[in-house]
Amino acid sequence: MKIIVCCKIVPDEQEIGVLPSKELDLSKASWKISQYDLNAIEAAKKLSSETSGFLTALSVGRSSALEGTKIRKDILSRGPEELALVIDDTHMFSDSLETAKAIAAALKSTDGFDVVLCGTGSGDLYSQEVGIQVGALLDIPTVNNVTDIRPNGNILEVERTLEDGIEVLEVTLPAVLSVTSDINVPSVPAMKEIMRAGKKPVHVLEVPLTDALPSINNLSQQVPDQQERRMIIIEGDDEEAVESLYQFLKKEIL
Amino acid sequence: MPFQSIFVISEKKESLYELCFGARKLSDQVTAVIFGDRTAAENVADCGAKCVLYCPTESCIPEDYCKAIASEVKKSPCALVLLNNSVRSRCIAGKLGAYLDTAVITCASEIVADNGDIVCKRTVYGGAAISSQAFTGSYGVITVGNGIFGDIDAKYPVTEKIEQISEKPECTVKIIARNEKKSGGTNLAAAKRIVDVGRGLASEEDLDMCNQLASLLDAEVGCSRPVAENNKWMPISNYIGLTGTTVKPDLLFALGVSGQVQHIAGINKSKVIVAINKDKNAPIFKNADFGIVGDIYKIVPALIKKLS
Ligand SMILES: Cc1cc2nc3c(=O)[nH]c(=O)nc-3n(C[C@H](O)[C@H](O)[C@H](O)COP(=O)(O)OP(=O)(O)OC[C@H]3O[C@@H](n4cnc5c(N)ncnc54)[C@H](O)[C@@H]3O)c2cc1C
Ligand SMILES: Nc1ncnc2c1ncn2[C@@H]1O[C@H](COP(=O)(O)O)[C@@H](O)[C@H]1O
C-alpha cells in the first residue's frame, strides 16, 4: 500500500513573542513538526507495516520552514522512507483551501497513492479542514476524526468518533483520512532511525500552484488582553507553604 | 463581499435554531438545510428560515449530500454557509468549501457585518492571537463556535416553503455500524470551582486524591488535554482549553498543569487561579494568583487534612 502522510512545519508556540503593537513576533520561534501530525505519522507507520507498504511524508510551506536539514531529518526519523516537499515563498498557505490545493497538486504529480493521512489540526491554524478539502478536491472518499484504521484487502475499515457516537465506515481506496490526536501515542525515534534519517531521499517537487489562491483575507491579528494575576508564588512544600495556601483559600472562597 | 443569502446547515435541532437566529441578524434571506424527512422539516418550520430544505438519510449519511447542497448554494450568486463546529459539520464544511472554491473559517468566535463585509474572528497560534478574517470570493463557509450568538430572543413565523433537496446523495463511504456513545462528563463551563488536573499526576489511582480535594472544595474536576486523550483517565468532554471547554469559575485549582498557551486559553476567564507545580519555571505561575512551587503529592494530602 502506498501511503502519504501530510505534516506541517509550524513555529514553536512556546517561543512566540509579542510585539509592542500587540502583534505576534514569530522571528525568534524555531520550527517544529505540528504536534498532532506526530500522531498521523505514527498511524501511517503502523498502517504501512501492516500492509507491507511504502510511506512518504509530504509537507508544504515556505522556505524558512522547510529548508532546514534538522527538521527534515526529524520527520524522516519517525518512519517515512522518503520526504516530498513543496516549497513556495509566493504563497502564505494561511487558509485551508490554499494549502489543500497545493497538497492536491503535489499528490497529482506523484505516481499514485492509496491512502493520504492527515493530522487532526495544525498547531498554528487548527482549521481541521485541510485533509477534508484535499479529499474533496481530488474527488475521493474522505473521513475526519478517525480513531482506528483496519486494512482489509483493498478497502479500509475505519472507525470515526463523533461527539455522541462512533461510526464504522468502509472506505474504498484511494482515500484521505484525518486521524485524531488520541489514535495512538507517538513513539520517540530510536537512535538507529535518527542515524538512518540523514540517508533517506528528500524530493523537492516542482508543482504549479497557480490556482492555489487564498480565499480568505487576514485583516488583522491581535494578541488578546491578558487577565491581570497577582502572582503570589511561594517555594517549598513544607507545612508553612500548605498553611499559607490554606489561608489564601480561606480568604478567597471558604 | 456582501452576502445577501445565508445557508444554515445543521444535523441537530438546537444548533439549527441558534445558527438561524445568528444568521437572521446578518440577513433576511436564510435557507435551512436539515437531514431527515419532511416531518422533521415541518418540525423546525419556525426556525427563522425562509425555506427549509430536507435531505432524507435513511440510506446514507449527511456528508453524502455535500455536492447536492453546493448546487443549491450556487443558485445564489454569493452566499454564506453557517454550520456548528461538530466533527460531522466540519466534514460537510470542508467538502462544501472545496465545491464552492472557498476555505473554511473554523470555530468562529465572532461574526459581524462590517461595511457590507462579513468579518469573522477566530483564535490562532494556540490562543496566542485572535485573527480577523473575511472571505474574498463569492462564497464563504463558517463553522460557528458554541453560543456566540447569545440567547435566542426572537420568534419567527412558520415558513410554508418546505422542499426536498433536488439532487440525489452521492455515497462515497459505506456506513456499516453506528454506536451511540454516552456523552457523560461534567458541565465544567458552568462550574463555580474547578480542580484542574494535569500530567503531573503520576497514575490514574491518584485521581482519588484530586476528587477528594474537589469534594472538600465543592468543586468539579477537569483536566488538561493529554490527561483525557493520551492517558484516557477522564472523558474527552472534561478537558479544558482552547480546543476543549472554556471555563470561568470563581476558583481554578491547577495541579501539575504546566500551563501551555492552549490550556491557558481555556482558563483565562477564571476569577482566581491557584497552581501547584514542582517546576518554578512552569508558565502556569505567570497566570496564577497564588502558586506553590512544590510536589502535589506532599501538598495535596496535607491540604486535604487541613480542609477536613
Ligand atoms: C493545536 C493544539 C491544541 C491544543 N489544545 C489544548 C487544550 O485545549 N487543552 C490542553 O490542556 N492542551 C491543549 N494542547 C496541548 C498543550 O500544548 C499541552 O501539551 C498540554 O496542555 C500540557 O498538559 P499538562 O500541563 O497536563 O502536561 P505537561 O505539559 O506535561 O505538564 C505537566 C506538569 O506537571 C508538573 N509536575 C510533574 N510532577 C509533579 C508533581 N509531583 N508535583 C507538581 N507538579 C508536577 C511538571 O513540572 C509539568 O509542568 C493543544 C496543543 C495543540 C498543538
Ligand atoms: N502546509 C501543510 N503541509 C502538509 N500538511 C499540511 C499542511 N497544512 C495542513 N496539513 C495537514 O492537514 C491537517 C489539518 O490542518 P489544518 O486544516 O490546518 O488544521 C494537518 O494536521 C496536516 O496533516
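Below, chain A is the first sequence line, B the second, and so on; all start at residue 1. Keep in mind that this is a model prediction, so the values were computed, not measured.
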Task: Non-hydrogen atoms of Arg229(A) and Ser270(B) that approach each other most closely - done: NH2-O, 2.9 Å
Task: Residue selection (most heavy-atom pairs with chain A, distance under 4.5 Å) from Ala288(B), Ala98(B), Gly294(B) - done: Ala288(B)
Task: Heavy-atom pairs under 4.5 Å with chain A, option from Ile299(B), Ile292(B), Val300(B) with the top count - done: Ile292(B)
Task: Contact class of Asn184(A) relative to chain B, heavy atoms under 4.5 angstrom - done: neither
Task: Pairwise side-chain contact, Tyr36(A) with Thr243(B), heavy-atom cut-off 4.5 Å (strictly under) - done: no
TODO: Over all heavy atoms of both residues, which pair between Glu167(A) and Ile61(B) is shortest? Give the atoms and the distance, please.
DONE: OE2-CG2, 4.3 Å
TODO: Can you tell which part of Tyr126(A) gets under 4.5 Å to a heavy atom of chain B, answering side chain, backbone, both or neither?
DONE: both
Task: Winner by heavy-atom pair count (cut-off under 4.5 Å) against chain B, out of Gly123(A), Gly135(A), Ala136(A) - done: Ala136(A)
TODO: Before giving the answer on side-chain hydrogen bond (donor to acceptor under 3.5 Å, both in side chains), spell out for Glu229(B) and Ser181(A) the whole-Å C-alpha distance, their side-chain angles and the decisive distance to 0.1 Å.
DONE: CA-CA 7 Å; Glu229(B) 274 198 342; Ser181(A) 43; 2.8 Å; yes
Task: Engaged part of Leu26(A) at the chain B interface, taking heavy atoms whose separation is under 4.5 Å - done: side chain
- [ ] Before accepting this row, confirm whether a basic side-chain N of the pair Arg88(B)/Asp164(A) lies closer than 4.0 Å to the acidic partner's carboxylate O.
- [x] no
Per-pair distances, 0.1 Å, donor-acceptor, side chain in residues 99-108 of chain B, under 3.5 Å, sequence neighbours excluded:
from: Asp101(B); atom 1: OD1; to: Lys101(A); atom 2: NZ; distance (Å): 2.7
from: Thr102(B); atom 1: OG1; to: Tyr139(B); atom 2: O; distance (Å): 3.3
from: Thr106(B); atom 1: OG1; to: Ser127(A); atom 2: O; distance (Å): 2.7

Task: Shortest non-hydrogen contact between Leu24(A) and Ala128(B), atoms and distance - done: CD2-O, 3.8 Å
- [ ] Can you see which heavy atom on Leu219(A) is nearest to which on Ala134(B), and at what distance?
- [x] CD1-CB, 4.2 Å
Open item on the list: Looking at Arg193(B) and Ile253(A), would you say the former's side chain and the latter's main chain have a donor-acceptor pair under 3.5 Å?
Closed with: yes
Open item on the list: Which heavy atom of Leu245(A) sits nearest to which heavy atom of Phe290(B), and what is that distance?
Closed with: CA-CE2, 3.6 Å
Task: Part of Pro11(A) within contact of chain B (heavy atom distance under 4.5 Å) - done: side chain
Task: When Glu235(A), Met231(A), Gln128(A), Glu243(A) are compared by non-hydrogen pairs under 4.5 Å with chain B, the top option - done: Met231(A)
Task: Value rounded to 0.5 Å, distance of CG in Leu213(A) from OG1 in Thr136(B) - done: 8.5 Å
Open item on the list: Does atom NZ (Lys280(B)) have a neighbourhood of more than 12 heavy atoms from anything else shown, all under 6.0 Å?
Closed with: no
Task: Per-residue contact mode, Ser244(A) against chain B (heavy atom under 4.5 angstrom) - done: both
Open item on the list: Quick check: do Phe135(B) and Asn217(A) have side-chain heavy atoms less than 4.5 Å from each other?
Closed with: no
- [ ] Please assess Glu13(A) against Gln260(B) for the test side-chain hydrogen bond (donor to acceptor under 3.5 Å, both in side chains), listing each intermediate value before the final yes or no.
- [x] CA-CA 9 Å; Glu13(A) 56 270 60; Gln260(B) 310 290 315; over 6 Å; no
Task: Under 4.5 Å from any heavy atom of chain B - which part of Gln227(A) - done: both
TODO: Indicate yes or no: at least one non-hydrogen side-chain atom of Thr142(A) is less than 4.5 angstrom from one of Lys95(B).
DONE: yes
Open item on the list: Just so I understand: if I count every heavy-atom pair under 4.5 Å between each of Lys271(B), Glu63(B), Gln262(B), Arg225(B) and chain A, which residue has the most?
Closed with: Arg225(B)
TODO: Using non-hydrogen atoms and a 4.5 Å limit, figure out which bit of Ile166(A) sits close to chain B: side chain, backbone, both or neither.
DONE: both
- [ ] For chain A, find which of Thr172(B), Val173(B), Ile130(B) contributes the most heavy-atom pairs closer than 4.5 angstrom.
- [x] Ile130(B)
Task: Steps toward side-chain hydrogen bond (donor to acceptor under 3.5 Å, both in side chains) verdict (Asn218(A), Ser131(B)) - done: CA-CA 7 Å; Asn218(A) 278 298; Ser131(B) 180; 3.1 Å; yes
- [ ] May I ask you to decide whether Lys306(B) forms a salt bridge with Glu239(A), counting only side-chain N to carboxylate O separations under 4.0 Å?
- [x] yes
Open item on the list: Shorter than 4.5 Å, heavy atoms on both sides: which option in Asp295(B), Asn268(B), Asn230(B) has the most such pairs with chain A?
Closed with: Asn268(B)
Task: Val130(A), part contacting chain B, at a heavy-atom distance under 4.5 Å - done: neither
Open item on the list: Which residues in residues 91-98 of chain A have any heavy atom closer than 4.5 Å to a heavy atom of chain B?
Closed with: Asp95(A), Ser96(A), Leu97(A)
TODO: Output the residues of residues 146-162 of chain A for which the shortest heavy-atom distance to chain B is under 4.5 Å, in residue-number order; output 'none' if no such residue exists.
DONE: Glu157(A), Arg160(A), Thr161(A), Leu162(A)
Open item on the list: What part of Ile16(A) gets within 4.5 angstrom of chain B, counting heavy atoms only: side chain, backbone, both, or neither?
Closed with: side chain
Open item on the list: Tell me every residue that passes side chain to side chain contact (heavy atoms under 4.5 Å, CB included) with Lys46(A), counting only those two or more places apart in sequence or in another chain.
Closed with: Glu50(A)
Task: Closest non-hydrogen atom pair between Glu170(B) and Asp139(A), with its separation - done: OE2-OD1, 4.4 Å
